[in-house]
Amino acid sequence: DVKANIDYCNSRMGVIDIKGWAYILKNTNPIKMIVTIKINNKSLRIPLVRLERKDVSEYFSLQTGNHMHGFNHHRQLKAL
């Protein structure tokens, strides 16, 4: 079971910004996070940078010892 949310997603002037959080109930320390988006009928798999999100751990009462549930991405679309 996966819990996730995209808090912010914007594409402007060729740059995409994504911020949010995710965790897997049975695996609270994933190696990497990837989001798939569709733009102009093309699918893009975007690797995300993991960030500490202690608020997610606290909200879901996670006892994982780490708080690496957040992610973000800021990149030129043409670089994808």
Side-chain angles (χ1 to χ4, degrees):
D1 193 19
V2 175
K3 302 281 186 191
N5 187 61
I6 294 178
D7 298 327
Y8 177 80
C9 182
N10 190 15
S11 173
R12 187 171 35 167
M13 298 180 64
V15 175
I16 187 162
D17 277 310
I18 302 171
K19 296 177 184 175
W21 57 267
Y23 76 91
I24 302 170
L25 290 177
K26 295 184 181 187
N27 179 6
T28 57
N29 192 21
I31 295 170
K32 62 174 128 172
M33 293 184 188
I34 297 171
V35 69
T36 303
I37 63 170
K38 277 192 167 185
I39 299 174
N40 299 327
N41 293 324
K42 291 179 90 176
S43 293
L44 300 171
R45 291 174 45 98
I46 300 173
L48 304 168
V49 175
R50 293 177 62 202
L51 304 170
E52 186 172 278
R53 287 285 303 261
K54 192 173 181 180
D55 61 313
V56 175
S57 297
E58 291 171 352
Y59 182 83
F60 290 104
S61 300
L62 302 175
Q63 305 296 319
T64 62
N66 74 59
H67 308 289
M68 299 301 289
H69 309 296
F71 60 78
N72 75 9
H73 181 87
H74 177 89
R75 192 166 176 186
Q76 292 282 335
L77 285 173
K78 65 181 178 184
L80 299 174

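Numbering starts at 1 and runs along the sequence shown. From a predicted model like this one, the values you see are computed outputs, not experimental measurements.
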* **Nearest-0.5 Å distance that lies between atom NZ in Lys54 and atom NE2 in His69** => 11.5 Å
* Would you check if Lys3 and Leu62 make a side-chain contact, meaning some heavy-atom pair closer than 4.5 Å? => no
* Is Ile34 reachable from Val49 through a run of hydrophobic residues whose side-chain heavy atoms are each under 4.5 Å from the next? -> no
* Asked: His73 side chain to Pro47 main-chain N or O, any donor-acceptor pair under 3.5 Å?
  -> yes
* Pairs where residues 34-60 contributes a residue and the test ring pair (Phe, Tyr, Trp, His ring centres under 6.0 Å) is met, not counting sequence neighbours -> Trp21-Phe60, Tyr23-Phe60
* Structure fact -> Minimal heavy-atom distance between Ser57 and His67, with the atoms involved, is OG-ND1, 2.8 Å
* Asked: According to a 4.5 Å side-chain heavy-atom criterion applied to Ile, Leu, Val, Met, Phe, Trp and Tyr, with indirect links allowed, do Met68 and Leu51 form part of one hydrophobic cluster?
  -> no
Can you list, pair by pair, the side-chain donor-acceptor contacts under 3.5 Å of residues 9-20, counting residues two or more places apart and other chains?
| from | atom 1 | to | atom 2 | distance (Å) |
| --- | --- | --- | --- | --- |
| Asn10 | ND2 | Tyr8 | OH | 3.1 |
| Asp17 | OD1 | His74 | ND1 | 2.3 |
| Asp17 | OD2 | His74 | ND1 | 3.3 |

* Roughly how far apart are Met33 CE and Asn72 CG, rounded to 0.5 Å? -> 11.0 Å
